[in-house]
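In what follows, a single structure is set out as structure tokens and then discussed.
Count residues from 1 along the sequence.
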Amino acid sequence: MHPRRPDGFDGLGYRGGARDEQGFGGAFPARSFSSASDLSHWVTTPPDIPGSRNLHWGEKSPPYGVPGPSTPLEGPAEEPFPGGGGGGGVVPGQSTEQLNRFAGFGIGLASLFTENVLAHPCIVLRRQCQVNYHARHYHLTPFTVINVMYSFNKTQGPRALWKGMGSTFIVQGVTLGAEGIISEFTPLPREISHKWNPKQIGEHLLLKSLTYMVAMPFYSASLIETVQSEIIRDNTGILECVKEGIGRVIGLGVPHSKRLLPLLSLIFPTVLHGVLHYIISSVIQKFVLLILKRKTYSSRLAESTSPVQSMLDAYFPELIANFAASLCSDVILYPLETVLHRLHIQGTRTIIDNTDLGYEVLPINTQYEGMRDCINTIRQEEGVLGFYKGFGAVIIQYTLHAAVLQITRIIYSTLLQNSV
């Protein structure tokens with residue numbers, strides 16, 4: 001279980017009060033941005049992109065890819081105004097700076113919308129395929145997935161592909177809230193400083209583990225909402241996920257069958273998936289950002305970077321790194337996610353759509369005894385590809401995300417070219 005968006009650098013030491021500032025290439029001497037004297041050298045940066053917790057190299061630091069304090073943020077477009085600071089005239093780079101702020105907000109909003117709204121039908125079908133042990137068609141390619149989506153939309157209406165979206169936001173909110181509360185009342189660090197040690201990393205991962213444990217019953221309730229067929233689904237409220245999650249903990253609410261696995265047996269696979277997803281996402285994000293940083297520095301040495309490209313480098317490296325990290329972690333952990341979802345859904349008397357036909361419904365009547373039994377059963381009865389049922393939806397999801405990022409980049413570049 002994990003928030004849909006990876007935490008990225010949140011735990012690998014690039015958001016503390018002190019972090020490494022480098023002239024691109026050599027060693028990273030520590031530099032603190034905590035004092036007002038240090039911050040006064042930097043031009044005011046655009047607001048953080050919504051949904052990105054680590055758009056910049058620190059909460060007060062300048063955007064990624066911008067050189068040292070001596071270089072203005074806006075490049076050639078913001079030259080000193082003749083006559084000094086008096087007179088009340090319009091600074092030439094002011095309109096560009098305002099556009100830069102607005103565009104930064106728009107870029108983040110587009111990415112947030114794609115991840116949490118536009119891609120939700122892919123997540124719904126992906127989860128339904130993962131828990132459907134009856135299925136003969138595994139939907140490993142996007143072509144069959146599109147066909148099934150069309151059938152669901154035709155027979156049940158658009159709501160069939162957007163169900164449970166509100167509960168996914170609730171799970172993200174519970175996860176972030178639990179992490180903040182636990183870190184406030186315990187010595188467990190929410191972030192890791194640059195001068196990390198094994199003990200600090202262990203405590204940070206323990207905080208993540210406790211967070212996933214707290215959010216686990218709500219994640220289970222959200223999973224049921226996203227895979228439950230719209231044909232037999234009642235019009236539940238947006239807080240139904242919270243009600244079902246609390247009921248799962250105290251043993252009340254909708255009656256379940258005897259095959260329902262206790263929450264204690266779900267802790268290990270849930271925490272394992274969440275922690276591995278977090279680690280893989282963070283490592284890949286760091287690696288991609290380092291590559292993009294070196295590429296940006298090489299282009300600056302060659303003096304081939306235009307002002308427009310400099311502004312693009314302030315935002316898109318972080319978004320590209322988040323995209324690559326989320327994609328790689330989802331692909332690598334897809335088999336484990338399939339096992340996790342089947343364990344969570346077992347015994348909940350959930351009725352899902354028939355992903356082979358695009359209509360009709362099927363009950364979930366699995367009898368797994370635990371994680372190991374689930375893995376062995378899938379391998380014996382469905383083969384290795386059984387762990388990848390619905391993988392075509394992942395391809396559609398990230399293709400759509402990449403297309404939105406590219407379109408946003410083109411629009412932003414066009415606006416900047418017209419303003420500089």
Atom pair CD1/CZ of Ile411 and Arg409 - distance to nearest 0.5 Å: 13.0 Å

Short side-chain donor-acceptor distance under 3.5 Å, Glu115 and Asn322: no

His277 NE2 to Glu337 CD distance, which is reported to the nearest 0.5 Å: 7.5 Å

His134 (side chain) donor-acceptor with Thr355 (main chain) under 3.5 angstrom: no

Distance-only polar pair, side chains of Tyr219 and Thr175, donor-acceptor under 3.5 Å: no

Carboxylate-amine/guanidinium proximity below 4.0 Å for Glu230 and Lys163: no

Main-chain N/O of Pro189 paired with His204 side-chain donor or acceptor, under 3.5 Å: yes

Salt bridge (charged side-chain N to carboxylate O under 4.0 Å, His left out) partners of residues 142-154, not counting sequence neighbours, each pair once: none

Minimum side-chain heavy-atom gap Ile352-Ser229 below 4.5 Å: no

Straight-line distance of Met371 CE to Leu340 CG, nearest 0.5 Å: 8.5 Å

Residues, nucleotides or ligands: over 12 heavy atoms within 6.0 Å of Glu360 CD: yes

Whether Phe323 and His401 hold their rings parallel, tilted or perpendicular, with breakpoints at 30° and 60°: perpendicular

Gap separating the CG atom of Leu260 from the CD1 atom of Ile345, nearest 0.5 angstrom: 10.0 Å

Pair Phe169 + His120: ring centers closer than 6.0 Å: no

Ala393 versus Val145, closest heavy-atom pair with distance: N-CG2, 3.6 Å

Value rounded to 0.5 Å, distance of OG in Ser265 from CG in Leu263: 7.5 Å

Any donor-acceptor N or O pair under 3.5 Å, side chains Asp330, Gln397: no

Pairs flagged by side-chain hydrogen bond (donor to acceptor under 3.5 Å, both in side chains) wherever residues 376-386 is involved - sequence neighbours left out: Arg342-Glu382, Asn376-Arg379, Glu382-Lys389

Which residues share a salt bridge (Lys or Arg N to Asp or Glu O under 4.0 Å) with Arg136, sequence neighbours left out: Asp356

Main-chain N/O of Val339 paired to Tyr368 side chain as donor or acceptor, under 3.5 Å: no

Under the side-chain contact (heavy atoms from CB on, under 4.5 Å) test, residues paired with Thr141 that sit two or more places apart: Phe143, Thr144

Summary of salt bridge (charged side-chain N to carboxylate O under 4.0 Å, His left out) pairs that have at least one residue in residues 165-178, sequence neighbours excluded: none

Plane angle bin for Phe391 and Tyr388 - parallel if under 30°, tilted between 30 and 60°, otherwise perpendicular: perpendicular

Under 3.5 Å donor-acceptor, Ser220 side chain and Met216 backbone: no

Test item: Glu203 side-chain N/O and Leu188 main-chain N/O as donor-acceptor pair under 3.5 Å: no

Non-neighbouring partners of Val174 that pass side-chain contact (heavy atoms from CB on, under 4.5 Å), sequence neighbours left out: Ile170, Ala215, Phe218

Euclidean distance, Leu206 CG relative to Thr211 OG1, rounded to 0.5 Å: 9.0 Å

Side-chain (Thr226) to main-chain (Leu223) donor-acceptor, under 3.5 angstrom: yes

Distance-only donor-acceptor check, side chains Gln346 and Thr366, under 3.5 Å: yes

